[in-house]
Novice: 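Could you have a look at this structure, given as C-alpha cells, before my questions?
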2 protein chains.
Amino acid sequence: MVPTHDPQLLKGVLSLLLLRLLAERESYGYEVVQRLRELGLSDIGEGSVYPALARLEREGRLQGRLVASRSGPARKYYRPTPAGSQALSEGTESWLSLAAVVHPVLVRRLPDPSTTTEDT
Amino acid sequence: MVPTHDPQLLKGVLSLLLLRLLAERESYGYEVVQRLRELGLSDIGEGSVYPALARLEREGRLQGRLVASRSGPARKYYRPTPAGSQALSEGTESWLSLAAVVHPVLVRRLPDPSTTTEDT
DNA sequence: CCGAGTACCTGGCATAGTCAAGTAGCAGGC
DNA sequence: GCCTGCTACTTGACTATGCCAGGTACTCGG
C-alpha cells in the first residue's frame, strides 16, 4: 500500500486529534505518535507531531510538564488547558459540520454521462 | 452563526469537491462558488475557488473551455479529464479513510476526569 | 566505546486557502 | 453618453501547517 494519504487532508485535523487524544489521556509526543499510528494514521511522523504540540502549547491550548524516564530522555507530558478543551469542542463542531457537507456529496452516486446526457 | 469554519480543514477537500461537482455537472467558476454555497459552505470565496480551478487545470485534472455569455464576460466551463476522474476516486478514498479514523475518535465519549481519576 | 532504541527539537520546504484589488463585459437608468 | 451594479475571471501577497532531514541527548547491552 503506497498511496492513500494526502498530507493536505490532515491540515487542521491533526491538532484536533492531538487535543482529543490528550484530553482522553495525558501523553508525551513520542507516545502520541504511536497512538496515532494505532488509530490507523500509519504514516504520521514525529516531524508532524512535535511541532504541532509545541504550537498548541505556545498558543496556550496545551500544558506540558517534563517527567524523567528510566528508559531514555525526559518525556514531556501534555494535557489540554481550558482553552484547549474549548478549542477541542469548537474544532470538533467545525469538523463535524464540514464532514456533514462533504460526505454526502462524495458518496452520492455519480450520474453516468453516457447514459444520462444523451439529449445534451 | 459566525464562527465555525477553520480554513485549514478545507485543505485538500476543496479540490475534491470541485472535481466532484464538475463530474456531476460541467460548470464555470462563478457558478461553482454558488453551488458550494448551496451545499452549506457559505463562507467560501471566489478567491479560494478560482485559484483551485486554475491549479487543477494546470495539473491536467480539469479541462476548461470558454463560452460566451449574454449576461457578462465569457464563462470558463470545466469538466474533469480522465486524470481528474482518477484523482477524484483516489481522493475520495483518502478522505473516506481519514474520516473513518477521525470521526470515531472525535465522537467517542470523553472520560470525565473528575469521576475517573480521583486517585491522581 | 558503540550501536540501537527512546525522546525531543529545529530549519527549510511545499501546498493550498484567503484577502484584496484589479480587469472587463453587459444591462438599465438618467 | 455615462454611471452603477452584477456577472465573471485573474493575480499577488500573506498565512497556516504538515513534512522531511538532520541534529541533540539519555539509557542500556555488548
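In what follows, every heavy atom counts, from backbone to side chain, and hydrogens, waters and symmetry copies are set aside. Here is the naming used below: chain letters follow the sequence lines, and residue numbers restart at 1 for every chain.
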Novice: State whether the side chain of A:R35 and the backbone N or O of A:L21 hold a donor-acceptor pair below 3.5 Å, judged by distance alone.
Specialist: yes

Novice: So if I apply the side chain to side chain contact (heavy atoms under 4.5 Å, CB included) rule between B:V105 and each of A:L16, A:L36, A:L17, A:T92, which one comes out positive?
Specialist: A:L17

Novice: Is the shortest side-chain N/O distance from A:R75 to OP1 or OP2 of C:dT6 below 4.0 Å?
Specialist: no

Novice: Is A:A54 touching bases, backbone alone, or none of the nucleic acid, heavy atoms closer than 4.0 Å?
Specialist: nothing

Novice: Compare the minimum distances between each of C:dT6, D:dG18, C:dC8 and the side chain of A:P73, then state the nucleotide with the smallest one.
Specialist: C:dT6

Novice: By nearest atom, which of the nucleotides D:dC9, C:dA16, D:dG18 is closest to the B:Y30 side chain?
Specialist: D:dC9

Novice: Which nucleotide in the list D:dT17, D:dC9, D:dG18 gets nearest to the side chain of B:E46?
Specialist: D:dC9

Novice: With a 4.0 Å cutoff (strictly under), does any side-chain N or O of B:R70 reach OP1 or OP2 of D:dT7?
Specialist: no

Novice: Applying a 4.0 Å non-hydrogen cut-off, can you work out what B:K11 is touching in the nucleic acid: base, sugar-phosphate, or nothing?
Specialist: base

Novice: Is the number of heavy atoms from other residues, nucleotides or ligands within 6.0 Å of CD (A:Q63) greater than 12?
Specialist: no

Novice: Of the nucleotides C:dA16, D:dG18, D:dA8, which has the atom closest to the A:L10 side chain?
Specialist: D:dG18

Novice: Among D:dT17, D:dT7, D:dT10, which nucleotide sits nearest the side chain of B:K76?
Specialist: D:dT10

Novice: Which is more 5' along DNA chain C, the nucleotide nearest A:S71 or the one nearest B:V49? Just name the residue.
Specialist: A:S71

Novice: Contact class for A:G47 vs. all strands (heavy atom < 4.0 Å): base, sugar-phosphate, or nothing?
Specialist: base

Novice: For residues A:S15 and A:R55, report the shortest heavy-atom separation together with the two atoms involved.
Specialist: OG-NH2, 4.2 Å

Novice: Are B:R75 and B:Y77 close enough that some pair of their side-chain heavy atoms sits under 4.5 Å apart?
Specialist: yes

Novice: Quick one: B:D6 CG to D:dT15 C1', roughly how many Å, whole number?
Specialist: 12 Å

Novice: Could you check how far CZ of B:R58 sits from C1' of C:dT15, rounded to whole Å?
Specialist: 11 Å

Novice: Could you state the CG-P distance from B:L9 to D:dA16, rounded to the nearest angstrom?
Specialist: 15 Å

Novice: Select from A:G72 and A:G12 the residue whose nearest nucleotide in DNA chain D is closer to the 5' end of that strand.
Specialist: A:G12

Novice: Using whole Å, report how far CG of B:L56 lies from C1' of C:dT15.
Specialist: 13 Å

Novice: For A:I44 and D:dT17, give me the distance from atom CD1 to atom P, rounded to whole Å.
Specialist: 15 Å

Novice: Considering only D:dT11, C:dC8, C:dG17, which nucleotide approaches the side chain of B:L14 most closely?
Specialist: C:dG17

Novice: OP1, OP2 of D:dA8 versus side-chain N and O of B:S69: anything below 4.0 Å?
Specialist: yes

Novice: How about A:L88 and A:P80: do any of their side-chain heavy atoms sit closer than 4.5 Å?
Specialist: no

Novice: Answer yes or no: does a side-chain N or O of A:Y28 lie under 4.0 Å from OP1 or OP2 of C:dA7?
Specialist: yes

Novice: Answer with base, sugar-phosphate or nothing: what part of the nucleic acid does B:E31 contact at a heavy-atom distance below 4.0 Å?
Specialist: nothing

Novice: Can you check the A:L41 CG to D:dC19 P distance for me, whole Å?
Specialist: 9 Å

Novice: In whole angstrom, what separates B:L53's CG from C:dT18's P?
Specialist: 13 Å

Novice: Round to the nearest Å and state the distance from B:Y50 atom OH to C:dG22 atom C1'.
Specialist: 14 Å

